[in-house]
Amino acid sequence: MLFPQCQFAVIDRPAGPRVAADELKRLEIRQGWCFSGFSSLRIAGHVLEVRGKLPGWPWWKSGRLLLTHDQLDAIRRVLDRMAVWEWHAAYRLRRRGEICLDGHSWSLRVKTACRRHRSRGANAYPCSGNPRMASRSPDLLDLLVQRIADAVLLPTICERGES
């Protein structure tokens with residue numbers, strides 16, 4: 001077995017709550033537009049940082065947030081449900097001899113205690129019906145960002161009683 005510690009066991013940590021063995025360590029989603037700069041969502045440790053206007057992320061929640069173990073676990077479950085581990089390393093829709101000088105580029109990097117995955121594309125994205133196929137629509141990538149936002153922000157909004 002490649003990662004023997006990555007079974008469905010739960011590890012006790014002396015200073016804090018119980019944490020799943022496949023805990024999310026890092027996540028980075030970057031999107032760049034030609035002539036318009038880039039946006040990113042990064043998680044390193046327990047800090048989530050959003051820069052720029054990321055499609056699917058509420059614009060009023062940019063900046064840094066401190067995440068709980070439960071929020072990190074919810075984000076990892078979103079990644080599992082959206083099957084990002086099955087996304088190709090690179091997506092392209094160019095034809096032979098075709099050159100693209102503008103448009104949209106994106107990248108996804110994920111690291112958990114047991115797995116690592118990278119995916120990227122230029123004017124091509126995973127297809128929402130089948131992530132192994134390429135699509136011209138960024139719907140699946142935007143949905144991933146939106147579901148991460150829901151996993152992080154909805155519990156905090158509900159705790160405060162905001163609507």
Side-chain angles (χ1 to χ4, degrees), residues 20 22-158 160 162:
D22 200 19
E23 179 182 14
L24 182 65
K25 301 290 185 186
R26 280 189 164 287
L27 170 67
E28 181 178 37
I29 300 172
R30 289 179 54 102
Q31 297 187 38
W33 294 267
C34 184
F35 309 116
S36 298
F38 78 95
S39 299
S40 68
L41 179 148
R42 290 180 115 148
I43 296 173
H46 285 269
V47 178
L48 178 141
E49 182 177 11
V50 177
R51 292 184 180 178
K53 293 183 179 179
L54 197 62
W57 189 265
W59 60 269
W60 66 89
K61 291 291 185 182
S62 291
R64 289 183 175 200
L65 294 169
L66 189 61
L67 301 176
T68 65
H69 287 292
D70 291 339
Q71 289 170 318
L72 286 172
D73 193 44
I75 293 168
R76 188 191 49 77
R77 286 193 310 267
V78 165
L79 298 173
D80 290 344
R81 270 187 252 126
M82 295 200 60
V84 297
W85 311 107
E86 297 176 19
W87 291 12
H88 283 301
Y91 288 89
R92 292 182 200 93
L93 285 175
R94 291 183 296 196
R95 295 186 184 108
R96 181 177 268 176
E98 185 177 81
I99 297 174
C100 180
L101 300 176
D102 64 352
H104 180 256
S105 62
W106 63 274
S107 66
L108 167 78
R109 294 181 352 184
V110 185
K111 179 182 175 185
T112 67
C114 302
R115 303 181 271 187
R116 292 177 189 226
H117 186 70
R118 289 183 177 201
S119 186
R120 63 186 169 86
N123 295 326
Y125 312 87
C127 182
S128 58
N130 181 356
R132 294 188 175 124
M133 297 183 66
S135 168
R136 291 199 183 277
S137 170
D139 291 347
L140 191 62
L141 187 63
D142 294 346
L143 182 62
L144 174 62
V145 173
Q146 183 179 3
R147 288 194 176 161
I148 290 171
D150 290 346
V152 170
L153 300 176
L154 284 180
T156 58
I157 290 171
C158 292
R160 287 192 222 133
E162 297 177 22

Nearest 0.5 Å, please: how far is [atom2] in [Y] from [atom1] in [X]?
X	Y	atom1	atom2	answer
Met82	Leu143	CE	CG	4.0 Å
Ser119	Leu141	OG	CG	9.0 Å
Leu72	Arg77	CG	CZ	11.0 Å

Is there a side-chain contact between [X] and [Y], using heavy atoms and a 4.5 Å cut-off?
X	Y	value
Arg118	Lys111	no
His46	His69	yes
Leu65	Gln71	no
Leu27	Leu48	no
Val78	Asp150	no
Val47	Leu67	no
Thr112	Leu79	no

Less than 4.0 angstrom from a charged side-chain N to a carboxylate O is my criterion; do [X] and [Y] meet it?
X	Y	answer
Asp73	Arg76	yes
Arg132	Glu86	yes
Glu28	Arg109	yes

Minimum heavy-atom separation for [X] to [Y], with atom names?
X	Y	value
Pro131	Trp87	CB-CD1, 3.4 Å
Lys25	Ala113	CG-N, 3.9 Å
Trp85	Arg116	CZ3-C, 4.3 Å
Arg115	Asp80	NH2-OD1, 3.1 Å
Ser39	Lys53	OG-O, 3.0 Å
Asn123	Arg136	O-NH1, 4.2 Å

Aromatic rings Tyr125 and Trp106: how do their planes relate, parallel, tilted or perpendicular, breaks at 30° and 60°? parallel
